[in-house]
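Down below is the structure, laid out as structure tokens.
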Amino acid sequence: MPELPEVEVVTQSLIKRIKNCKINSVKVYNRSLRYKVPFQFEKYLKNKIIKNIRRKSKYIIFEFNYNNYLILHLGMSGTLHIPQMKSGISNLSFYQSPQIPIKHNHVIFNFVKYKLIYNDPRRFGYFKILKNKQEFDMYFTRIGPEALDRKFNLNYLLNKINNRKKNIKNFLLDQKIVSGIGNIYVNEILFKSKILPSKSVRKLSILDLKKILKFSRSVLRYAIRQGGSSIKDFKGLSGNNGKFQTRFKVYNRDKKYCLSRNCNGVIKKIYISNRSTFLCNLCQN
DNA sequence: CCGTTAACCTGAGAGC
DNA sequence: TGCTCTCAGGTTAACG
């Protein structure tokens, strides 16, 4: 499901609801996620207080005391859900359906007032426990700076490009290079930058790179303000759907008219490394 | 080292 | 209605 904006919306929702709450118990119904849920998982989390929740690229980080962390990656279809409790506390649901989809509820965290449910039909998501600052830092060496970070700048890009011949789309999707951008937003960013997704990074001008930096930030920030994208049934804390999907310029707009002013082009769908790619041949080159 | 592909899963929707 | 096929917001091991 989620790229950086959706994970940010979920994280902000969680902060409002379960920051400073104690995990009374954890129940794992299916340990076969992307990586096996470890055996000590339930025991380890029992009675831990969530001191803070934050996001790093597409990861949600639950922070406990003494530099203990729980990392959650939502994969393609992972969602979190807080069902309505008798106390009258409102629903926190990332589904449009009022019913909780029980079948793929794999992990449930029990708090005093809430249950937090992890649901994931495809099971590409996963949890990871990190027991100290060193493990934490080590873990995140796998990803590059996130797209909203100042470290993602012109010098960094020039260094990373260094004569590679990868196309710009795969380059931006490579989380080791820059993290947080996924298949929706990479299409939108390249459209705004007026650059063809298939273009080799070594052929990009300095101006191109500046546009990529600028629009990476503006598109992601705007998507966050819009509450993320709801392609299927993503919802934030307030129960509102994300609205960014109504702002798509190219994603899922195959055969529709290009929305650029004074452009008579039609959005085309192609495949790059087996992933759908949307572009306007007239605007992007 | 670099770039690409297959694989991990289930469900929704299209086409017949 | 039901079958088969393709595709989906991600990551990464394996390969040439």
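In what follows, every chain begins at residue 1, and chains take the letters A, B, ... in the order their sequences are listed.
For A/Tyr126, the side-chain atoms get nearest to C/dT12 when compared with the rest of B/dG11, B/dG3, C/dT12. Relative to the side chain of A/Arg122, the nucleotides B/dT10, B/dG3, C/dG9 differ in distance, and B/dT10 lies closest. For A/Tyr251, counting side-chain heavy atoms from C-beta on, the closest listed nucleotide (B/dG11, C/dA8, C/dG10) is C/dA8.
Side-chain contact check for A/Asn67 versus A/Lys131: every heavy-atom pair is 4.5 Å or farther apart.
Screening A/Phe278, A/Tyr185, A/Phe191, A/Phe244 for a ring-ring contact (aromatic ring centres under 6.0 Å, His included) with A/Tyr251, the sole residue that qualifies is A/Phe278.
Counting to the nearest Å, the C1' atom of B/dC2 and the CG atom of A/Asn170 are 12 Å from each other. Protein atom CZ of A/Arg164 is 10 Å distant from nucleotide atom P of B/dT4, rounded to whole Å. In this entry the distance linking CG of A/Asn163 with P of B/dC1 reads 17 Å, nearest Å. Regarding A/Asn274, its CG atom lies at a distance of 17 Å from the P atom of C/dT11, rounded to whole Å. One interatomic measurement links the two molecules: CG of A/Leu80 to P of C/dG9, which rounds to 20 Å at whole-angstrom precision. When rounded to the nearest whole Å, the span between CG of A/Leu74 and P of B/dC8 equals 22 Å. A/Glu6 places its CD atom 16 Å from the P atom of C/dA8, with the value rounded to the nearest Å. What separates CZ of A/Phe171 from P of B/dG3 is a distance of 10 Å, to the nearest Å.
Taking the P atom of each, B/dG3 and C/dG9 are spaced 23 Å apart, rounded to whole Å. Spacing of P atoms, C/dT6 relative to B/dA6, comes out at 14 Å, to the nearest Å. As rounded to the nearest Å, C/dT12 and B/dG11 have P atoms that lie 24 Å from one another.
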Side-chain donor-acceptor pairs of residues 44-57 of chain A under 3.5 Å, sequence neighbours excluded:
from: A/Tyr44; atom 1: OH; to: A/Asn68; atom 2: OD1; distance (Å): 2.5
from: A/Lys46; atom 1: NZ; to: A/Asn24; atom 2: O; distance (Å): 3.3
from: A/Lys48; atom 1: NZ; to: A/Tyr44; atom 2: O; distance (Å): 3.1
from: A/Arg54; atom 1: NE; to: A/Glu63; atom 2: OE2; distance (Å): 2.6
from: A/Arg55; atom 1: NE; to: A/Glu8; atom 2: OE1; distance (Å): 2.6
from: A/Arg55; atom 1: NH1; to: A/Ser57; atom 2: O; distance (Å): 3.1
from: A/Arg55; atom 1: NH1; to: A/Glu146; atom 2: OE1; distance (Å): 3.1
from: A/Arg55; atom 1: NH2; to: A/Glu8; atom 2: OE1; distance (Å): 3.4
from: A/Arg55; atom 1: NH2; to: A/Glu146; atom 2: OE2; distance (Å): 3.3

*Between A/Ser218 and A/Lys214, does a side chain to side chain donor-acceptor pair (under 3.5 Å) hold up when you go through it step by step?*
CA-CA 6 Å; A/Ser218 66; A/Lys214 177 183 164 186; over 6 Å; no
*Can you list the steps and then say if A/Ser179 with A/Lys58 is a side chain to side chain donor-acceptor pair (under 3.5 Å)?*
CA-CA 8 Å; A/Ser179 62; A/Lys58 301 177 189 174; over 6 Å; no
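Contact check, A/Lys103 against B/dG11: a side-chain N or O comes under 4.0 Å of OP1 or OP2. Contact annotation: A/Ser77 side-chain N/O to B/dT10 OP1/OP2 distance is not under 4.0 Å. The side chain of A/His104 places no N or O atom within less than 4.0 Å of a non-bridging phosphate oxygen (OP1 or OP2) of B/dC9. Between A/His73 and C/dG10 there is no side-chain polar atom (N or O) within less than 4.0 angstrom of OP1 or OP2. Contact check, A/Lys58 against C/dG10: a side-chain N or O comes under 4.0 Å of OP1 or OP2. Between C/dT11 and A/Gln175, a contact under 4.0 Å exists linking OP1 or OP2 to a side-chain N or O.
Stacking of the aromatic ring of A/Phe124 onto the base of C/dT11 is not found under the criterion of centres within 5.5 Å and planes under 30°.
Listed by residue number, the members of residues 28-40 of chain A with any heavy atom below 4.0 angstrom from DNA chain C are A/Arg34, A/Tyr35.
For C/dA8, its base never sits under 3.5 Å from the side chain of A/Arg275 at any donor and acceptor pair. Under 3.5 Å, the side chain of A/Arg123 and the base of B/dC9 form no donor-acceptor pair of N or O atoms.
At a threshold of 4.0 angstrom between heavy atoms, the contacts of A/Tyr271 are confined to the sugar-phosphate backbone, with no base atom among them. Residue-level contact check: A/Lys269 touches the backbone only, with heavy atoms under 4.0 Å from sugar-phosphate atoms and none from bases.
Note on residues 261-284 of chain A: no pairs pass salt bridge (Lys or Arg N to Asp or Glu O under 4.0 Å), not counting sequence neighbours.
Remark on DNA chain B: of its neighbouring residues A/Ser273 and A/Asn162, the 5'-side contact belongs to A/Asn162, judged by nearest-heavy-atom nucleotide.
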_Reading 5' to 3' and counting Watson-Crick or G-U wobble pairs with both distances under 3.5 Å, write the dot-bracket notation for DNA chain B, | for bases paired outside the strand._
.|||||||.|||||||
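Grouping Ile, Leu, Val, Met, Phe, Trp and Tyr residues whose side-chain heavy atoms lie under 4.5 Å apart, directly or via other members, places A/Leu279 in a hydrophobic cluster with A/Leu196, A/Ile270, A/Ile272. Summarising the hydrophobic clusters (Ile, Leu, Val, Met, Phe, Trp, Tyr; side-chain heavy atoms under 4.5 Å, direct or chained), the residues clustered with A/Tyr139 are A/Tyr35, A/Tyr59, A/Ile61, A/Tyr69, A/Ile71, A/Tyr126, A/Leu130, A/Phe136, A/Phe140, A/Ile143.
Here A/Cys263 contributes atom SG and A/Leu282 contributes atom CG; the two are 4.5 Å apart, rounded to the nearest 0.5 Å.
Using the six-membered ring where Trp is involved, A/Tyr118 and A/Phe127 have ring planes that are perpendicular, over 60° apart on the 30 and 60° scheme.
Between A/Lys194 and A/Asp208 there is no salt bridge, since no side-chain N of the basic residue sits under 4.0 Å from a carboxylate O of the acidic one.
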